Amino acid sequence: MLITHDTRCALDAVVDLVNTAPEDDVVPDGLPDLAALTDFVDKHEISDVGVLSEFDLSAVRKVRGRLAKVFAAPDARAAAGLINELVAAAGTTPHLTDHDGYDWHVHYFAPGASIADHLAADCGMALAFFVVAGERERLRRCEAPDCRRAFVDLSRNRSRRYCDSRTCGNRLHVAAYRARRKEAAG
């Protein structure tokens with residue numbers, strides 16, 4: 001599956017955004033205030049964003065929840081319905097652009113759109129490409145029992161199981177190894 005630069009940037013943004021949501025009452029919200037939203041916008045080099053407000057923060061949190069539902073969708077049809085609603089609500093207006101030294105690519109948000117509509121449109125379309133390509137199963141949640149972070153499995157054979165193999169994957173492999181050794185010794 002060919003993933004263009006702008007689609008990859010949108011995928012990185014959607015995963016990071018979904019992963020800011022608190023999973024329970026213990027984990028704090030990763031977007032607690034405007035400063036965090038500004039950091040998110042800067043980190044992902046999101047262009048054409050005006051002055052952010054509390055309204056923007058609230059709207060982005062709502063978009064985050066809707067994007068998270070796509071990762072939880074039971075099948076492609078359900079995911080498509082969620083994506084269609086998200087993208088339609090954003091009022092998409094596809095247009096070609098070559099800003100900031102990047103080659104031609106498509107933005108799906110209207111010029112001057114709010115940050116929430118910007119994210120809903122671009123991130124929604126990035127997820128839509130996976131549904132269209134028959135690759136929705138690549139939109140996953142970490143299989144580690146104590147982690148449910150979202151990720152996009154871009155491995156060639158669709159075998160990635162953990163959000164990060166160095167943390168979640170390694171931790172589980174070490175635990176399984178120790179359990180096998182304990183069982184063999186005992």
Side-chain angles (χ1 to χ4, degrees), residues 1-23 29-31 36-37 40-41 43-49 52 55-97 99 102 104-143 147-163:
M1 175 175 196
L2 175 65
I3 299 175
T4 62
H5 171 76
D6 52 314
T7 300
R8 180 59 194 251
C9 290
L11 288 172
D12 290 344
V14 72
V15 166
D16 283 354
L17 181 60
V18 168
N19 287 334
T20 65
E23 294 180 32
D29 191 318
L31 278 180
L37 180 57
F40 179 87
V41 167
K43 175 185 177 188
H44 291 282
E45 299 178 350
I46 299 172
S47 61
D48 200 21
V49 175
L52 298 172
F55 177 80
D56 291 313
L57 179 61
S58 176
V60 168
R61 286 178 178 157
K62 288 176 185 169
V63 167
R64 173 181 69 186
R66 296 178 83 181
L67 290 167
K69 288 179 181 179
V70 175
F71 282 82
D75 56 39
R77 184 166 304 285
L82 292 165
I83 293 167
N84 284 338
E85 289 173 10
L86 182 70
V87 171
T92 57
T93 306
H95 67 277
L96 288 167
T97 183
H99 65 87
Y102 293 109
W104 288 103
H105 59 282
V106 179
H107 280 186
Y108 294 95
F109 58 93
S114 70
I115 182 64
D117 285 345
H118 181 136
L119 290 169
D122 272 0
C123 294
M125 289 305 299
L127 296 176
F129 293 137
F130 280 81
V131 174
V132 168
E135 300 282 351
R136 191 208 55 85
E137 73 278 358
R138 289 182 182 267
L139 307 177
R140 297 189 176 163
R141 291 287 187 160
C142 185
E143 290 183 19
C147 180
R148 296 299 302 149
R149 291 178 58 85
F151 68 94
V152 178
D153 179 4
L154 297 177
S155 67
R156 189 174 289 194
N157 63 357
R158 298 173 191 85
S159 63
R160 188 170 160 199
R161 298 174 47 209
Y162 307 110
C163 64

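These figures come from a predicted structure and were not determined experimentally.
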Could you point out which residue of Leu119, Leu37, Val41 forms a side-chain contact (heavy atoms from CB on, under 4.5 Å) with Val49? Val41
Apply the test side-chain contact (heavy atoms from CB on, under 4.5 Å) to residues Val18 and Phe71: give CA-CA distance (whole Å), side-chain angles for both, the deciding distance (0.1 Å), then the verdict. CA-CA 9 Å; Val18 168; Phe71 282 82; 4.3 Å; yes
Taking every non-hydrogen atom, the tightest pair across [X] and [Y]:
X      : Y      : value
Val106 : Pro94  : CG1-CB, 4.1 Å
Arg141 : Ala68  : NH2-CB, 3.8 Å
Cys123 : Ala10  : SG-O, 3.6 Å
Ser159 : Ser155 : N-OG, 3.0 Å

Evaluate the side-chain contact (heavy atoms from CB on, under 4.5 Å) criterion for residues Asp117 and Phe109: first the C-alpha distance (whole Å), next the side-chain angles of each, then the deciding distance (0.1 Å), finally the verdict. CA-CA 7 Å; Asp117 285 345; Phe109 58 93; 5.7 Å; no
Can you tell me if [X] uses its side chain to pair, donor with acceptor, with the backbone of [Y] under 3.5 Å?
X      : Y      : answer
Arg138 : Asp153 : yes
Asp6   : His107 : no
Arg161 : Cys142 : no

Taking side chain as C-beta onward, heavy atoms only, is [X] less than 4.5 Å from [Y]?
X      : Y      : result
Phe151 : Arg160 : yes
Leu127 : Leu67  : yes
Met125 : Val87  : yes

Do His118 and Ile46 pass the side-chain contact (heavy atoms from CB on, under 4.5 Å) test, and can you show the C-alpha distance, the side-chain angles, and the key distance before you say yes or no? CA-CA 9 Å; His118 181 136; Ile46 299 172; 3.4 Å; yes
Suppose we screen for side-chain hydrogen bond (donor to acceptor under 3.5 Å, both in side chains). Which residues come up paired with [X], at least two apart in sequence or across chains?
X      : value
Asp75  : none
Ser58  : none
Glu137 : Arg158
Thr7   : Thr4

For Arg149, the salt bridge (Lys or Arg N to Asp or Glu O under 4.0 Å) test, sequence neighbours excluded, returns none
Among residues at least two apart in sequence or on other chains, which ones pass salt bridge (Lys or Arg N to Asp or Glu O under 4.0 Å) with Arg77? none
Ionic contact status for Asp29 with Arg61, cut-off 4.0 Å: yes
Once side chain to side chain contact (heavy atoms under 4.5 Å, CB included) is applied, do any residues pair with [X], and if so which ones, sequence neighbours excluded?
X      : value
Ala36  : Leu31, Pro32, Asp33
Ala116 : Ala59, Val60, Val63, Ser114
Ala79  : Val70, Ala73, Val131, Arg136

Which residue pairs pass the ring pair (Phe, Tyr, Trp, His ring centres under 6.0 Å) test with at least one member in residues 73-92, sequence neighbours excluded? none
Full working for side-chain contact (heavy atoms from CB on, under 4.5 Å) between Leu11 and Phe130: CA-CA 10 Å; Leu11 288 172; Phe130 280 81; 3.4 Å; yes
I need the full list of side chain to side chain donor-acceptor pair (under 3.5 Å) pairs touching residues 9-21, with sequence neighbours left out, sorted by first then second residue. Arg8-Asp12, Asp16-Lys43, Asp16-His44, Thr20-Arg64
Which pairs pass side chain to side chain donor-acceptor pair (under 3.5 Å) with one or both residues in residues 80-95, sequence neighbours excluded? none
Output for pair (Ile83 CD1, Lys69 NZ), nearest 0.5 Å, gives 13.5 Å
